[in-house]
Colleague: 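After the structure tokens below, expect a handful of questions from me.
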Amino acid sequence: MCSQKKVGIIGSGLIGRSWAMLFAGAQYNVYLYDIDEQQIEVALADIGQQLKLLEGNGLLRGSLNANDQYALIKGTTQLKEAVEDAVLIQECVPENLELKRKVWKGIDDIANPNSILSSSTSALLPSTFTDHLKHRKNAIVSHPVNPPYYVPLVELVPAPWTDPDVVKQTRRIMEDIGQTPVSLSKEIVGFGVNRLQYALLNEAINLVSEGIFDVHDIDKVMSDGLGMRYAFLGVLETTHLNAEGFVSYCERYGKMIEGISRDYKPAPKYEGNIVRQVADQLEKSTPLERLQEKRNFRDLGLSKLSLLKKQMSKLF
Ligand code: NAI
């Protein structure tokens, strides 16, 4: 691995900006590349504003002030400048297989043989867009969760040819910038986050579709119920504490869970009447023109929760 703490961020949209801020917070030299010069200007202005706001609210990460963090981020339209000698190159271009293949080929042609080639993709399997790279053993997916500044999880997904050492190095870098990496042993459709997320989403849609719950009540089951526990314990540890350990939980509740599970309907189709029905109810409480306001509310809540989690982590 290169000794310099330089990272190249490829694509300066929503996720590229978040990565830039996270790396700058940990004092990396950040090169933010985009094909669109205007997009870089917008991104840098937005990052500057976000860092100031975070500082004002006492939420800025790391030990440097907002100005010093901002000074570590350099915008560029020269791919070479972003890629050369970077410890890690984090690709954040739109979720399109052909585009990712093309962008990665361009990076691979000029990348240092030791640079980690990391993609932010939410759903594309790394084997589908890294097979043609000469440095493909350095390729990995580091999938963040939105908004990454407040939600620290990063899923690390190797391709079949990824060097296990690259997984370890990426894990260390993610820890270094204050994220929480989790590693999949091999690629699988949906990775881990979306497999769990969509299991819940499918069941929520089915329950609304059958008229068992309305949209607001099924959402409260998570936000005011299960989600509160899951903010501190995972799905599995929750069961461990709900009985005298996991073995006792399975003895007590295993047959009941198997019975309920046999009642699940297949995954719903995301089209037709049910889409309008759910959208109508959601838009009543959060009209489309107020989505940004609600996102700000979400981010404020998440920032306070992340502070609480930090304090709580010292207790057990
Ligand atoms: P975005 O659309 O906001 O930004 C994409 C950026 O890539 C734009 O600035 C665009 O100008 C730039 N771009 C397009 N073609 C390019 C090229 N050839 N070279 C360099 N830059 C190029 O996209 P967003 O939301 O930031 O997503 C990026 C990646 O992160 C996607 O793979 C997405 O699946 C993933 N992701 C997104 C999350 C989200 O909530 N938005 C969450 C987790 C992952």
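Each ligand, and each atom within it, is numbered from 1 in the order the structure gives.
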Colleague: side-chain contact (heavy atoms from CB on, under 4.5 Å) with V182: which residues, sequence neighbours excluded?
Modeller: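 Testing V182 for side-chain contact (heavy atoms from CB on, under 4.5 Å), a comparison that skips the adjacent residues, returns L153, E155.
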Colleague: Testing H143, K168, R171 for side-chain contact (heavy atoms from CB on, under 4.5 Å) with L156, which one passes?
Modeller: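 Looking at H143, K168, R171, the match for L156 under the side-chain contact (heavy atoms from CB on, under 4.5 Å) is R171.
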Colleague: Would K5 and Y28 count as a cation-pi pair here, with the cationic atom under 6.0 angstrom from the ring centre and within 45° of the axis?
Modeller: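 Judged by the rule, K5 and Y28 form a cation-pi pair.
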Colleague: Out of S18, S122, G13, P94, whose heavy atom is nearest to atom 7 (O) of ligand 1?
Modeller: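 When every heavy atom of S18, S122, G13, P94 is considered, P94 comes closest to atom 7 (O) of ligand 1.
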Colleague: Closer than 4.0 Å to some heavy atom of H143 - which atoms of ligand 1 meet that?
Modeller: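 That gives atoms 43 (C), 44 (C) of ligand 1.
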Colleague: List ligand 1 atoms under 4.0 Å from K100, heavy atoms only on the residue side.
Modeller: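 Once the distances to K100 are compared, the set is 31 (C), 32 (O).
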Colleague: Could you check E258 against K255 for salt bridge (charged side-chain N to carboxylate O under 4.0 Å, His left out), going step by step and ending with a plain yes or no?
Modeller: CA-CA 5 Å; E258 287 167 19; K255 289 283 166 250; 3.4 Å; yes
Colleague: Hey, are the side chains of K74 and Y31 touching, using non-hydrogen atoms and a 4.5 Å cut-off?
Modeller: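 Side chain of K74 against side chain of Y31, heavy atoms only: contact under 4.5 Å found.
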Colleague: I10 versus W104: any side-chain heavy-atom pair under 4.5 Å?
Modeller: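 Contact flag for I10/W104 side chains = no.
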Colleague: Would you mind finding which of V42, V154, L79, V93 brings a heavy atom closest to atom 21 (N) of ligand 1?
Modeller: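 Nearest heavy atom to atom 21 (N) of ligand 1 lies in V93.
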Colleague: First locate atom CG of L97, then atom OG1 of T128, and finally report the distance between them rounded to the nearest 0.5 Å.
Modeller: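 One finds 4.5 Å between CG of L97 and OG1 of T128.
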Colleague: Heavy-atom contacts under 4.0 Å between K102 and ligand 1: side chain, backbone, both, or neither?
Modeller: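 The answer is neither; K102 stays 4.0 Å or more away.
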Colleague: Tell me the protein heavy atom at minimum distance from atom 3 (O) of ligand 1, and give that distance in Å.
Modeller: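 Protein heavy atom at minimum distance: L14 N, 3.2 Å.
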Colleague: What protein heavy atom sits nearest atom 43 (C) of ligand 1, and how far off is it?
Modeller: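 Going atom by atom, the protein heavy atom closest to atom 43 (C) of ligand 1 ends up being P144 O, 3.3 Å.
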Colleague: Return the closest protein heavy atom for atom 23 (O) of ligand 1 as residue, atom name and distance.
Modeller: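 Of the protein heavy atoms, C92 O, 4.6 Å lies nearest.
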Colleague: Name the closest protein heavy atom to atom 17 (C) of ligand 1, giving the residue it belongs to and the distance to 0.1 Å.
Modeller: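 Here the closest protein heavy atom is I35 CG1, 3.7 Å.
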Colleague: Between the candidates V103, V141, N146, V145, which shows the shortest non-hydrogen contact distance to atom 18 (N) of ligand 1?
Modeller: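 Answer by nearest heavy atom: V103.
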Colleague: Is S120 reaching over with its side chain to a backbone N or O of E91, donor-acceptor style, under 3.5 angstrom?
Modeller: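 Judged by distance alone, yes, a pair lies under 3.5 Å.
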Colleague: For the side chain of K269 and the backbone of I274, is there at least one donor-acceptor N/O pair under 3.5 Å apart?
Modeller: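 Pair absent, no side-chain N/O of K269 close to backbone of I274.
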Colleague: With the threshold set at under 4.0 angstrom, would you say E91 reaches ligand 1 through any of its heavy atoms?
Modeller: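 Outside the 4.0 Å threshold, so no.
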Colleague: Under 4.0 Å from any heavy atom of Q39, which atoms of ligand 1 are there?
Modeller: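 Under 4.0 Å from Q39, ligand 1 has these atoms: 8 (C), 9 (O), 11 (O).
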Colleague: Considering only non-hydrogen protein atoms, determine which one is nearest to atom 27 (O) of ligand 1 and report residue, atom name and distance to 0.1 Å.
Modeller: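 For this ligand atom, the closest protein heavy atom is I15 CG1, 4.0 Å.
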Colleague: Can you give the donor-acceptor pairs under 3.5 Å from side chains of residues 184-196 to other protein atoms, not counting sequence neighbours?
Modeller:
{"residue": "E187", "atom": "OE1", "partner": "S127", "partner atom": "N", "Å": "2.9"}
{"residue": "E187", "atom": "OE1", "partner": "S127", "partner atom": "OG", "Å": "3.3"}
{"residue": "E187", "atom": "OE2", "partner": "S127", "partner atom": "OG", "Å": "2.5"}
{"residue": "N194", "atom": "OD1", "partner": "Q197", "partner atom": "NE2", "Å": "2.8"}
{"residue": "R195", "atom": "NH1", "partner": "V189", "partner atom": "O", "Å": "2.8"}

Colleague: Please say whether Y33 places an N or O atom under 3.5 Å from an N or O atom belonging to ligand 1.
Modeller: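 By distance alone, the answer is no.
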Colleague: Tell me the protein heavy atom at minimum distance from atom 35 (C) of ligand 1, and give that distance in Å.
Modeller: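 Of the protein heavy atoms, S120 O, 3.3 Å lies nearest.
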Colleague: Got an N/O contact under 3.5 Å between D34 and ligand 1?
Modeller: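 Between D34 and ligand 1, an N or O pair is found under 3.5 Å apart.
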